Amino acid sequence: MGRNRNISEMKTRTYNTIVDTYSDDLYRYLVKNMRTNADAEDVMQVTFARLWEKREEIEVERVKSWLFTVGHRLMIDAFRKRKPTTPVLPIHVGSRDAEEQWEMQEILDRALDYLSPVQRQLVTLRDYEGYNYDEMAEMTELSISQVKVYLFRARKKMRSLLEREQKADTQTKRS
Amino acid sequence: MKRIHSLNYEAYALDYLEGTLPPDEQEAFEAFLERHPEIAAEIEGLDDIKLTPPAMVYPNASSLYRREEKAYWGWAAAAGWLLLISLSATWWMIPSDQPSIQSVAAVDHIHDEMVSIERVQVSPSAQSRSIASDLAAAVQPLPRLEPVAIPDLRKQPSQDAAQSYSRSMDVVMQLPLNRPNFVYGDAVVVTTRPAYGAQVVEQPADREASGTIDPNTIGVYEPLSQLLTEDQKNWVAQWRPIENLKEEVSRNRWADAITPQYFSSSKSTK
């Protein structure tokens, strides 16, 4: 009896520890890809509700991948229900405040908005969460080659946007 | 050696930049770049294009937490006297003119020393026979004997959970486990083993001054009382007369009165 009680307690505590450990990361991934806090919140709640339901079956060592895989798939389901939107390339005109706006990371972060959904998902999984290509392929149900190609193209696009912004900045300063 | 050409080089480019290509593919890729300087220029410096993870905090993490499911054996002894108090009060309360039940507090523990009181709205049915039957019906769906967490509907938007628990519930307050408590305006609760859910008393809404209570309005329901043996009931029967407790309560000393020492004492103030 005592043994069972200990196991039960541990599992609940472990679950709560998992919430503490991974909820921020998963939320960041969802917000960056879904673009609205409300949508990300919905996926968060459902993902962790599923984790709780399946806590007996999931290995703690793999729980982060499990969370991101489930969260990712729920996000894709949500995308399918949404009206599709086409990202529009940014045309920056330098009326903004100077230097801070031109920080590379800020530009790259904004560039995320102009990637395709798949590219954005892969970039955030890679750069924010540090997943390797095998893990990303498993989560997104793409082949490893597809992951690498999508990611390569995403980086090229981000660099192109970065260069474009920097060029616009230079022209603004000259004028 | 694998052949790398302009139609498949993208699948190798990142590994090349990260230095993770196997030697034969590394060699093939470098040979490819020599043949295609425009692509060499294209990938140069691409490994610098990386995002730094922004700090982001999920603001509702607490809504994801779950309560621990604890068995009750560990503190059953401490709760024993509370159980008996409840039994005694069960005999004493439920006067014939008891007003109808409007609310029932269900008790669920959150940790060893505290319980949270969740209000369940219950309306007396046409078949209602007594406060006890209403309460029994009200608490029946709550977990009993098994250490099962009561779903917290405020925090769990799961439709399944909501459907499985159709009553509206909200946390009234949290109370210490090891002493009687008075929930002003709603009920008197003598806390007991959580998941046995309920000891509740109707309290007139117009009553004021927390800490005072009309003994005639105190009610306690304790399903566990049904499980007592005859010996246990006999032992309870030797407690001080319940009228004395009423007297203590009427003097606004109810919190001091409802103690194990009170019940086990042979003294009578009457």
Side-chain angles (χ1 to χ4, degrees), chain A residues 1-2 4-5 8-9 11-13 15-16 18-20 22-28 30-32 37 40-42 44-53 55 104-105 108-109 111-112 123-124 126-130 133 144-159 162, chain B residues 2 7-18 20-21 25 39 41-76 110-112 146-149 151-152 155-162:
Chain A
M1 195 71 182
N4 288 338
R5 180 170 71 247
S8 173
E9 288 174 7
K11 287 187 174 174
T12 306
R13 286 175 186 164
Y15 167 87
N16 288 336
I18 289 166
V19 171
D20 287 336
Y22 298 121
S23 61
D24 292 347
D25 291 348
L26 181 60
Y27 184 64
R28 177 177 58 200
L30 294 171
V31 167
K32 287 292 180 183
N37 293 353
E41 171 70 23
D42 289 346
M44 287 292 289
Q45 292 290 336
V46 176
T47 303
F48 277 92
R50 286 194 187 169
L51 174 64
W52 177 252
E53 289 164 10
R55 63 193 184 280
M104 179 176 167
Q105 278 303 318
L108 291 178
D109 197 51
L112 265 186
V123 168
T124 48
R126 180 74 173 172
D127 291 355
Y128 289 173
E129 309 307 330
Y133 298 128
I144 295 174
S145 286
Q146 283 176 311
V147 166
K148 290 177 179 175
V149 170
Y150 276 125
L151 202 52
F152 174 71
R153 291 177 182 172
R155 298 226 189 274
K156 279 205 311 182
K157 195 168 183 179
M158 290 166 73
R159 182 169 68 182
L162 177 67
Chain B
K2 294 192 177 180
L7 297 179
N8 70 359
Y9 79 94
E10 291 175 304
Y12 298 90
L14 291 177
D15 284 336
Y16 171 75
L17 290 169
E18 291 164 7
T20 55
L21 279 177
E25 292 181 1
I39 292 178
E42 175 187 272
I43 69 169
E44 186 182 354
L46 206 59
D47 48 341
D48 292 334
I49 306 300
K50 286 185 179 173
L51 295 170
T52 301
M56 190 176 289
V57 175
Y58 176 51
N60 297 321
S62 62
S63 72
L64 302 175
Y65 293 145
R66 303 287 174 156
R67 297 172 186 172
E68 289 186 358
E69 300 172 0
K70 292 187 177 179
Y72 308 119
W73 299 105
W75 42 282
I110 54 173
H111 56 75
D112 287 338
E146 296 295 330
V148 178
D152 185 342
K155 299 177 178 176
Q156 187 172 354
S158 159
Q159 199 172 2
D160 289 345

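To find a chain, count down the sequence lines: A is the first, B the second, and so on, and within it residues start at 1. Computed from a predicted model, the values in this text were never measured in an experiment.
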Q) Heavy-atom distance under 4.5 Å to chain A: side chain of B:L17, backbone, both or neither? A) neither
Heavy-atom proximity to chain B below 4.5 Å, by part of [X]:
X      : value
A:Y133 : side chain
A:L112 : side chain
A:V147 : neither

Q. Quick one: do A:R126 and B:E18 make a salt bridge, cutoff under 4.0 Å?
A. yes
Q. Between A:R153 and B:E10, does at least one N-O distance fall below 4.0 Å, as a salt bridge requires?
A. yes
Q | Derivation of the side chain to side chain contact (heavy atoms under 4.5 Å, CB included) call for A:M44 and B:N60 | A | CA-CA 9 Å; A:M44 287 292 289; B:N60 297 321; over 6 Å; no
Minimum heavy-atom distance between [X] and [Y], given as atom pair plus value:
X      : Y      : result
A:D109 : B:L51  : N-CD2, 3.7 Å
B:L64  : A:Q45  : CD2-OE1, 3.7 Å
A:D24  : B:M56  : CB-O, 3.3 Å
B:L14  : A:K148 : CD1-O, 3.5 Å

Q: Fit a plane to each ring of A:Y27 and B:Y58, take the angle between them on a 0 to 90° scale, and name the class: parallel (under 30°), tilted (30 to 60°) or perpendicular (over 60°).
A: tilted
Q. Side chain to side chain contact (heavy atoms under 4.5 Å, CB included) between A:R155 and B:K50: does it pass, once the steps are laid out?
A. CA-CA 8 Å; A:R155 298 226 189 274; B:K50 286 185 179 173; 4.1 Å; yes
Q: Give the C-alpha distance, both sets of side-chain angles, the deciding distance and a yes or no for side chain to side chain contact (heavy atoms under 4.5 Å, CB included) between B:Y12 and A:F152.
A: CA-CA 9 Å; B:Y12 298 90; A:F152 174 71; over 6 Å; no
Q | Note, A:F48 side chain near B:R66 side chain (heavy atom, < 4.5 Å) | A | no
Q: Report yes if some heavy atom in the side chain of B:I49 is under 4.5 Å from a heavy atom in the side chain of A:R159; otherwise report no.
A: yes
(Q) Tell me whether A:R28 contacts the main-chain N or O of B:P54 through its side chain, where contact means a donor paired with an acceptor under 3.5 Å. (A) yes
Q. Can you tell which of A:M158, A:Q146, A:E129, A:E41 has the highest number of heavy-atom pairs within less than 4.5 Å of chain B?
A. A:E41
Q. Is the closest side-chain donor-acceptor distance between B:Y65 and A:D20 under 3.5 Å?
A. yes
